[in-house]
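Notes for the one structure printed next.
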Protein chains: 2
Amino acid sequence: MTNTDPETNNPLPAAGGIVISVDAMGGDQGPAVVVAGLARFLEKEPEARILLHGPQDTLAPLVAKRKIGDRVTIRHAEGVVDMTDKPSHVMRHGKGTSMWSAIDAVRDKEAQSCVSCGNTGALMAVSMVRLRKAEGVNRPAIACLWPSRNPGGFNLMLDVGADVRADQDDLLTYAMMGASYARNGLGIERPRIGLLNVGVEEHKGRAELKVANDLIGRAAPLADFDYVGFVEGGDIPSDRVDVIVTDGFTGNIALKTGEGTASMISGLLREAFNKTPLSKIAALLAMTSLNRFKKRIDPRRANGGVFLGLNGTVVKSHGSADALGVAAAVKLAYRLASSGFSDRLAARVASAAALTGPDGERTRTEGTGTR
Amino acid sequence: MTNTDPETNNPLPAAGGIVISVDAMGGDQGPAVVVAGLARFLEKEPEARILLHGPQDTLAPLVAKRKIGDRVTIRHAEGVVDMTDKPSHVMRHGKGTSMWSAIDAVRDKEAQSCVSCGNTGALMAVSMVRLRKAEGVNRPAIACLWPSRNPGGFNLMLDVGADVRADQDDLLTYAMMGASYARNGLGIERPRIGLLNVGVEEHKGRAELKVANDLIGRAAPLADFDYVGFVEGGDIPSDRVDVIVTDGFTGNIALKTGEGTASMISGLLREAFNKTPLSKIAALLAMTSLNRFKKRIDPRRANGGVFLGLNGTVVKSHGSADALGVAAAVKLAYRLASSGFSDRLAARVASAAALTGPDGERTRTEGTGTR
């Protein structure tokens with residue numbers, strides 16, 4: 001591996017130089033679980049370092065207990081953003097909180113990416129204010145991983161909730177950003193992109209989807225991804241596609257429906273195995289296979305919604321994440337930082353306008369100033 | 001049970017008088033599977049009768065083989081609507097097809113409800129043309145059953161794909177129709193209704209959802225249902241709610257995402273049990289419990305999308321339904337017919353306008369003529 005990015009020619013940090021900025025506060029499980037997750041992560045990535053944000057008095061003993069003080073720097077921040085705080089309030093008064101401090105470390109180039117288990121709306125609002133939208137991005141998006149039939153075990157979907165709206169140009173930007181994430185975060189060289197709709201036929205769905213279908217199809221050959229066209233809800237966990245593009249309303253509903261379905265089925269399965277003495281014995285016999293199965297659909301392995309379209313990478317860990325979940329989110333942030341993802345993404349998106357066709361026409365009519 | 005409807009005072013057909021109109025053609029599995037499903041259904045409902053539509057020469061031997069000729073009347077129809085036929089084409093040229101004939105039997109009051117495994121778009125188009133929208137309904141909806149944690153085993157959701165749009169008044173109408181279906185189809189006296197959104201807080205989501213939230217909340221006490229407010233995707237299979245109201249785009253994506261997730265998990269589970277000799281033995285030991293589990297999430301049991309908001313009940317069976325699935329769809333049509341559902345629903349919806357508040361104000365500005 002060279003230490004300049006082949007796409008952008010920007011210098012990549014040496015692996016040893018990678019620092020992840022972590023907000024210790026705001027998760028449902030408290031900072032002890034975050035620090036436990038860090039210990040788990042650091043054990044597997046001996047070169048990584050952490051900048052940890054929160055109250056010094058609370059964090060110092062936790063870090064000492066896990067014996068990771070040589071690789072974790074504590075940055076004192078008194079305030080904590082609560083799960084019930086309104087994003088608009090945090091955006092105006094959040095300076096001095098651990099969340100704000102964690103994002104500012106990316107802004108100030110002290111760290112290459114940021115992880116927080118806190119309030120999603122507030123994290124997005126502060127990220128927007130402090131990191132700003134990347135050039136060419138009108139609406140940033142949140143991308144999540146989804147257990148799938150693909151060899152790597154995951155697909156990714158965006159937007160899953162940054163914004164309840166997306167027009168045709170936003171959907172094209174999401175396709176570009178999703179392809180870049182799949183390349184750098186999942187190691188898929190030529191990702192297959194699908195646009196979520198209520199049917200695969202071209203005449204189906206809402207008007208903006210038909211336009212986006214054309215735009216993404218035209219961009220595909222120039223942007224090194226394959227466009228498979230419209231996909232349906234049933235394709236999200238399939239091996240037909242690597243990246244599913246949709247608006248944040250639909251994506252959020254689909255994500256939570258999938259999680260709810262998986263959790264209902266797991267619950268019913270557990271009950272089935274606890275029903276009779278015979279089924280309890282069966283569960284013991286099948287334990288190895290069942291554990292492999294559980295691991296495959298374990299939502300903790302897919303923990304980490306990535307904010308795309310900002311000048312810097314922010315990973316949102318699930319609020320209720322345990323140590324394994326926190327470790328997965330930090331590992332994802334580390335992997336993205338190691339690949340120089342943020343700069344590559346910016347380069348891709350900035351070139352999107354030129355990719356939509358020989359005439360380069362775009363359909364947006366309002367506010368072209370920042371594109 | 002009396003033979004007049006307590007809500008509408010219309011005469012109910014005696015149980016012995018109930019006839020279900022069935023389109024034998026158009027399913028992926030062909031008419032033999034439909035007839036097999038009918039035999040299964042008729043065995044359990046000794047009073048029911050069937051009016052079966054399709055080519056006489058094809059159907060007569062199938063009916064004879066199943067020995068159900070005394071309870072099934074064949075209505076000859078030469079044409080068949082194909083899965084790939086465009087709805088607009090079928091609407092103009094579909095006369096003489098088994099689908100058209102099956103719907104006309106409801107229009108002509110020869111049957112109380114209709115079942116088809118055919119092309120959904122065409123079935124909705126022909127139903128709209130021949131049965132017409134019920135008074136007060138702007139957009140009809142398709143309601144589907146969803147395996148859930150509720151005691152009855154199912155929730156229902158609408159719209160899952162009749163229309164890709166729904167405004168606030170449509171969502172109110174869906175709530176009224178969904179409540180009526182839950183009462184008459186699932187036997188839930190006082191259904192709990194939820195409005196699907198990206199969060200449960202009142203300030204979240206799209207503008208029309210905030211207005212619909214108010215409208216449905218005001219209608220609830222007068223329309224004998226409980227309104228639980230906004231629900232999220234994860235609540236769809238939960239026991240928090242009986243009826244989930246959403247637009248047809250979101251509902252269709254959620255439905256197919258849930259189905260895709262369930263099918264991926266079932267596949268992985270099957271693989272886990274086939275992995276080793278030990279896990280195969282375990283599967284045998286746990287067979288009774290596993291079968292109970294499978295039955296609980298078996299999509300065939302929940303087969304039957306019901307078209308709501310027309311002058312007559314139409315049940316869309318899954319195109320790939322097997323005999324068990326067809327039987328479930330016909331049973332649902334029979335249950336709804338027995339309860340006089342279509343008249344009750346019409347009465348509920350017609351009164352919706354008066355239920356939205358003391359001032360009875362509505363927010364629709366266009367086309368109030370048919371409301």
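The basis for the numbers below is simple: all heavy atoms, side chains too, and nothing from hydrogens, waters or symmetry mates. A, B, ... follow the sequence lines: proteins, then strands. Residue 1 opens every chain. None of these values were measured; they are calculated from a predicted model.
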Chain A heavy atoms under 4.5 Å from B:Ile244: which part of the residue, side chain, backbone, both or neither?
neither
Which heavy atom of A:Leu195 sits nearest to which heavy atom of A:Ala212, and what is that distance?
CD2-CB, 3.9 Å
For the pair A:Met124 and A:Ile142, evaluate side-chain contact (heavy atoms from CB on, under 4.5 Å) and give the outcome as yes or no after the intermediate values.
CA-CA 9 Å; A:Met124 181 50 98; A:Ile142 304 176; 3.9 Å; yes
Taking non-hydrogen atoms and a cut-off under 4.5 angstrom, which of residues 261-269 of chain A neighbour chain B?
A:Thr261, A:Ala262, A:Met264, A:Ile265, A:Gly267, A:Leu268, A:Leu269
Residue among A:Arg206, A:Glu259, A:Arg165 with most heavy-atom pairs under 4.5 Å to chain B:
A:Arg206
side-chain contact (heavy atoms from CB on, under 4.5 Å) for A:Phe307 and A:Lys316? Distances and angles first, verdict last.
CA-CA 8 Å; A:Phe307 292 1; A:Lys316 165 67 174 75; 3.9 Å; yes
Heavy atoms of B:Asn119 and B:Asp82 approach each other most closely as ND2-O, 3.0 Å
Could I get the full list of side-chain hydrogen bond (donor to acceptor under 3.5 Å, both in side chains) partners for A:Thr246, not counting sequence neighbours?
none
May I ask you to test the B:Val211-B:Leu171 pair for a side-chain heavy-atom distance under 4.5 Å?
no
Inspect the surroundings of NZ in A:Lys86 and state if more than 12 heavy atoms from other residues, nucleotides or ligands are less than 6.0 Å away.
no
Which atom pair, heavy atoms only, marks the closest approach of A:Val81 to A:Ala122?
CG1-CB, 3.9 Å
With chain A, which of B:Leu255, B:Ile281, B:Val164, B:Asn274 has the greatest number of heavy-atom pairs at distances under 4.5 Å?
B:Val164
Let me know if B:Asp247 has heavy atoms under 4.5 Å from chain A in its side chain, its backbone, both or neither.
side chain
Just checking heavy atoms, which of residues 144-160 of chain A are less than 4.5 Å from chain B?
A:Trp146, A:Pro147, A:Ser148, A:Arg149
For residues B:Gly194 and B:Val241, report the shortest heavy-atom separation together with the two atoms involved.
N-CG2, 3.3 Å
Is a donor on one side and an acceptor on the other found under 3.5 Å between the side chain of B:Asp242 and the backbone of B:Pro191?
no
Could you list which of residues 233-240 of chain B have a heavy atom closer than 4.5 Å to any heavy atom of chain A, in residue-number order?
B:Gly233, B:Gly234, B:Ile236, B:Pro237
Which is it for B:Asn138 and B:Asp169 under the side-chain contact (heavy atoms from CB on, under 4.5 Å) test, yes or no, and what are the steps along the way?
CA-CA 9 Å; B:Asn138 178 48; B:Asp169 292 325; over 6 Å; no
Treating A:Asn252 as the side-chain partner and A:Phe249 as the backbone partner, does any N or O pair qualify as donor plus acceptor under 3.5 Å?
no
The test is side-chain contact (heavy atoms from CB on, under 4.5 Å); show your working for B:Arg139 and B:Tyr174 and say whether it passes.
CA-CA 9 Å; B:Arg139 288 193 166 96; B:Tyr174 294 175; 3.7 Å; yes
Exam field: side chain A:Asn197 to backbone A:Lys204, donor-acceptor pair closer than 3.5 Å:
yes
So, for A:Met83 and A:Cys117, which heavy atoms are closest and what is the spacing to 0.1 Å?
CE-O, 3.4 Å
